[in-house]
Amino acid sequence: GKIISHGNTGNGGRIELTGEQITLTNTAIIDASGLNGGGSIFIGGGEHGNDPKIFNARNTTIESQSKISANAELIGNGGNVIVWSNNNTNIHGIIEARGANQGKGGNIETSGRWLRITTTPNPGSGGKWLLDPEEVIISNEDSQNITNNSPFQPINNTQNQPSILNINTLITALTAG
């Protein structure tokens, strides 16, 4: 299905999708784009899961053919997209918050206790992408409690040790695309 809050003469609108379990299927289109700036999309919770007005999902999944957009289309800055859950957040679809005509990109937050991402969100030039799992440390140390290949995934361990991702492993994965 589609949920659209498009700004035909200004900024895009605001969309909140809440529930205990959220899944955007392959046909989902969530669009809060606007001619003069992107809007705001909250899926599974608010910023950092700290907005008491937006219910936090337990699990959130964005399937591979789904599309989430908070773009500026003619001029202006990209919007904000938050994808959150208290437990498992799985992101496989397209997420965009691009600016237009020298506008800055927007902000994308992908958060959850366990975070799995198989796609790269596009916050646009000058935009920000926050990866916020429970704990991942990017370090010169050897990788620990995390898979060694992209998509990087924390490995459940019984001692609640942090996941450590070696910086060179990350750079190699980013360079490879």
Side-chain angles (χ1 to χ4, degrees), residues 1-19 22-57 60-86 89-112 115-133 136 138 150-152 165 167 170-177:
K2 295 179 184 180
I3 299 176
I4 298 174
S5 182
H6 191 272
N8 290 325
T9 59
N11 291 347
R14 179 181 175 100
I15 298 172
E16 294 180 16
L17 300 177
T18 63
I22 297 174
T23 299
L24 297 186
T25 62
N26 284 325
T27 59
I29 296 173
I30 310 300
D31 189 356
S33 297
L35 288 182
N36 297 329
S40 297
I41 301 173
F42 302 91
I43 300 172
E47 187 173 357
H48 308 300
N50 291 330
D51 187 336
K53 296 177 185 172
I54 302 176
F55 180 81
N56 288 343
T60 300
T61 299
I62 310 299
E63 292 183 353
S64 64
Q65 300 300 311
S66 59
K67 184 174 182 180
I68 303 165
S69 303
N71 297 321
E73 295 177 332
L74 183 62
I75 191 169
N77 297 332
N80 298 299
V81 177
I82 310 291
V83 180
W84 171 271
S85 81
N86 288 339
T89 302
N90 295 288
I91 300 173
H92 311 289
I94 297 168
I95 303 175
E96 299 176 332
R98 296 175 290 133
N101 199 14
Q102 300 181 352
K104 291 183 187 176
N107 296 302
I108 296 173
E109 176 185 340
T110 51
S111 299
L115 183 60
R116 181 171 188 236
I117 299 175
T118 59
T119 185
T120 304
N122 182 358
S125 179
K128 296 179 182 176
W129 175 25
L130 172 64
L131 291 158
D132 189 17
V136 172
I138 300 173
S150 179
F152 301 105
L165 178 59
I167 185 68
L170 178 58
I171 290 170
T172 300
L174 291 170
T175 303

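Nothing fancy with the numbering, it's 1 onward along the sequence.
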Restricting to non-hydrogen atoms, name the atom on [X] and the atom on [Y] that form the minimum distance, rounded to 0.1 Å.
{"X": "Ala32", "Y": "Ile41", "result": "CB-CG1, 3.7 Å"}
{"X": "Asp51", "Y": "Gly46", "result": "CB-CA, 4.0 Å"}
{"X": "Pro121", "Y": "Thr110", "result": "CG-CG2, 4.4 Å"}
{"X": "Ser33", "Y": "Glu73", "result": "CB-OE2, 3.6 Å"}
{"X": "Thr18", "Y": "Phe55", "result": "CG2-O, 3.8 Å"}
{"X": "Thr89", "Y": "Ser85", "result": "OG1-OG, 2.7 Å"}

Would you say that [X] contacts [Y] through its side chain, given a criterion of any heavy-atom pair below 4.5 Å between the two side chains?
{"X": "Asp31", "Y": "Lys2", "answer": "no"}
{"X": "Glu16", "Y": "Lys53", "answer": "no"}
{"X": "Glu96", "Y": "Ile94", "answer": "yes"}
{"X": "Ile30", "Y": "Val81", "answer": "no"}

If only atom types and distance count, is the side chain of [X] paired as donor or acceptor with the main-chain N or O of [Y] below 3.5 Å?
{"X": "Asn90", "Y": "Thr61", "value": "no"}
{"X": "Asn77", "Y": "Gly38", "value": "no"}
{"X": "Asn71", "Y": "Arg98", "value": "yes"}
{"X": "Thr60", "Y": "Trp84", "value": "yes"}
{"X": "Glu109", "Y": "His48", "value": "yes"}
{"X": "Asn36", "Y": "Leu74", "value": "no"}
{"X": "Asn56", "Y": "Gly49", "value": "yes"}
{"X": "Asn107", "Y": "Asn80", "value": "no"}
{"X": "Ser69", "Y": "Ala97", "value": "no"}

Practice item. Would you sort out whether Asn26 and Ser64 count as a side chain to side chain contact (heavy atoms under 4.5 Å, CB included), showing the intermediate values? Key: CA-CA 6 Å; Asn26 284 325; Ser64 64; 3.4 Å; yes

Point to revise | Partner of Leu24 by side chain to side chain contact (heavy atoms under 4.5 Å, CB included), out of Ile29, Leu17, Val83 | key: Leu17

**Study point:** From Ile108 atom CD1 to Ile68 atom CD1, the distance as rounded to the nearest 0.5 Å
**Key:** 9.0 Å

